[in-house]
Protein chains: 2
Amino acid sequence: MKYLEKLRNSGLRPTKQRLQICEVLFDTEKTFHFTINDLANKIKKQLNNKISLATVYNTVHAFEKKGYLKQIPINSNQTYFDTNISDHHHFYDLKEEKLIDLDNSDVGPINILKKINGKKIKSVEVLVKLED
Amino acid sequence: MKYLEKLRNSGLRPTKQRLQICEVLFDTEKTFHFTINDLANKIKKQLNNKISLATVYNTVHAFEKKGYLKQIPINSNQTYFDTNISDHHHFYDLKEEKLIDLDNSDVGPINILKKINGKKIKSVEVLVKLED
DNA sequence: ACACCTTTTTAGAACCATTATAAAGTAGAT
DNA sequence: ATCTACTTTATAATGGTTCTAAAAAGGTGT
Ligand SMILES: [Mn+2]
Ligand SMILES: [Mn+2]
Ligand SMILES: [Zn+2]
Ligand SMILES: [Zn+2]
């Protein structure tokens with residue numbers, strides 16, 4: 001199975017439910033942004049099978065911890081995840097409440113001049129809010 | 001009173017509670033980051049007076065809407081606000097779960113090359129995650 | 001001061017995304 | 001097949017935020 005590695009690395013056995021979550025998350029041309037609810041609905045519609053929310057939460061968090069998914073820093077009542085794990089940024093369309101990818105190459109190089117003692121930079125994320 | 005303008009512009013009458021919230025928010029040398037709960041506790045301790053959470057929420061949201069406060073885009077179970085309303089960015093110390101200001105001047109100029117049809121940029125915010 | 005009407009405050013309830021629980025089911029090892 | 005640890009699931013608990021509606025305070029005209 002093509003998702004064994006991701007599952008094993010995340011400390012998860014390849015169960016039917018987890019493989020289905022993988023299918024929906026990783027078996028696509030394009031990457032996408034989602035909330036837990038989005039994902040649960042997508043599974044139900046696309047695979048005609050309901051997976052309990054608890055399992056979806058657990059699996060998504062395990063993948064996020066291992067870096068197979070990213071959380072998108074944004075203020076919302078729900079948490080947004082991203083299947084695009086490359087270094088990249090986001091537009092947030094305030095009217096439509098939609099996220100749009102913004103490639104690293106579409107943002108000039110970002111140089112953080114200030115240093116914090118004893119800490120090192122793990123990530124640099126840009127959020128560009130859009131209005132009409 | 002020194003906060004009349006902010007309150008009036010936000011469509012709020014200058015009540016005792018709102019003036020106290022203003023005192024804690026705006027009567028300081030330094031700007032700061034806070035959650036609603038932080039703020040309610042600060043008022044209780046600093047002014048020795050309890051203001052109901054509903055009033056704190058309402059007032060903070062009214063100020064935020066008018067731009068007298070900013071929300072900080074970050075993933076947390078609580079919403080973080082900022083009394084520093086200048087264009088600036090943030091470090092987020094993952095270990096300590098603390099936000100640290102990052103001046104515009106400490107980040108090279110950010111040029112967003114990609115354009116979205118019919119939309120204009122309202123803000124550009126950088127979040128730099130820190131680890132040990 | 002008083003009456004009258006509007007706005008505000010407040011405690012508590014409701015809401016809802018997320019997390020915890022624990023019982024029943026499943027997978028992998030022997 | 002049996003055993004054991006892990007997993008799924010329904011459901012409950014948690015907790016930040018929002019809503020409600022009754023009491024309090026503010027403003028206005030007399
Ligand atoms: Mn989460
Ligand atoms: Mn809010
Ligand atoms: Zn993305
Ligand atoms: Zn700040």
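Lettering follows sequence order; numbering is per chain, from 1.
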Self-check item: Side-chain N,O (A/Tyr57) to OP1/OP2 (C/dT18) below 4.0 Å
Solution: yes
Quiz item: What is the distance, rounded to the nearest whole Å, between atom CD of A/Gln20 and atom C1' of D/dT7?
Solution: 14 Å
Quiz item: Taking only residues two or more places apart in sequence or in another chain, which ones pass ring pair (Phe, Tyr, Trp, His ring centres under 6.0 Å) with A/Phe34?
Solution: A/Phe32, A/Phe81
All N/O contacts under 3.5 Å from nucleotides 7-9 of chain C to the protein, with atom names and distances to one decimal?
unit_1	atom_1	unit_2	atom_2	d
C/dT8	OP1	B/Arg13	N	3.4
C/dT8	OP1	B/Arg18	NH1	3.0
C/dT9	OP1	B/Thr15	OG1	2.4
C/dT9	OP2	B/Arg18	NE	3.3
C/dT9	OP2	B/Arg18	NH2	3.2
C/dT9	O3'	B/Gln17	NE2	2.9

Quiz item: Does anything in residues 40-50 of chain A pair up under side-chain hydrogen bond (donor to acceptor under 3.5 Å, both in side chains), and if so which pairs, sequence neighbours excluded?
Solution: A/Gln20-A/Asn49
Practice problem: Rounded off to whole Å, could you give me the CG-to-C1' distance for the A/Asn37 and C/dC16 pair? | Solution: 10 Å
Quiz item: Between D/dG16 atom P and B/Asn75 atom CG, what is the distance in whole Å?
Solution: 16 Å
Exercise. List for me each residue that meets ring pair (Phe, Tyr, Trp, His ring centres under 6.0 Å) alongside A/His90, sequence neighbours excluded, and say none if there are none.
Key: A/His33, A/His88
Exercise. Go through the structure and list residues passing side-chain hydrogen bond (donor to acceptor under 3.5 Å, both in side chains) with B/Thr15, not counting sequence neighbours.
Key: none
Quiz item: So which one's nearest nucleotide on DNA chain D is more toward 5', B/Ala54 or B/Asn77?
Solution: B/Asn77
Self-check item: Minimum-distance nucleotide to B/Gln78 side chain [options: C/dT18, D/dT17, C/dA11]
Solution: D/dT17
Quiz item: Bend angle of the helix from C/dA1-D/dT30 to C/dT30-D/dA1 from five-pair axes at both ends, rounded to 10°?
Solution: 20°
Quiz item: Looking at B/Tyr68 and B/Glu5, what are the two nearest heavy atoms and their distance?
Solution: OH-O, 4.4 Å
Please tabulate, for the side chains in residues 21-31 of chain A, all donor-acceptor contacts under 3.5 angstrom to protein atoms that are two or more places apart in sequence or on a different chain.
unit_1	atom_1	unit_2	atom_2	d
A/Asp27	OD1	A/Lys2	NZ	3.3
A/Thr28	OG1	A/Lys30	O	2.9

Would you mind writing out the side-chain donor-acceptor pairs for residues 125-132 of chain B within the sub-3.5 Å range, not counting sequence neighbours?
unit_1	atom_1	unit_2	atom_2	d
B/Glu125	OE1	A/Lys129	NZ	3.4
B/Glu125	OE1	B/Ser123	OG	3.2
B/Lys129	NZ	A/Glu125	OE1	3.4
B/Asp132	OD1	A/Lys119	NZ	2.8
B/Asp132	OD2	B/Lys95	NZ	2.5

Quiz item: Which hydrophobic side chains are connected to A/Leu113, either touching it within the sub-4.5 Å cutoff or through other members that do?
Solution: none
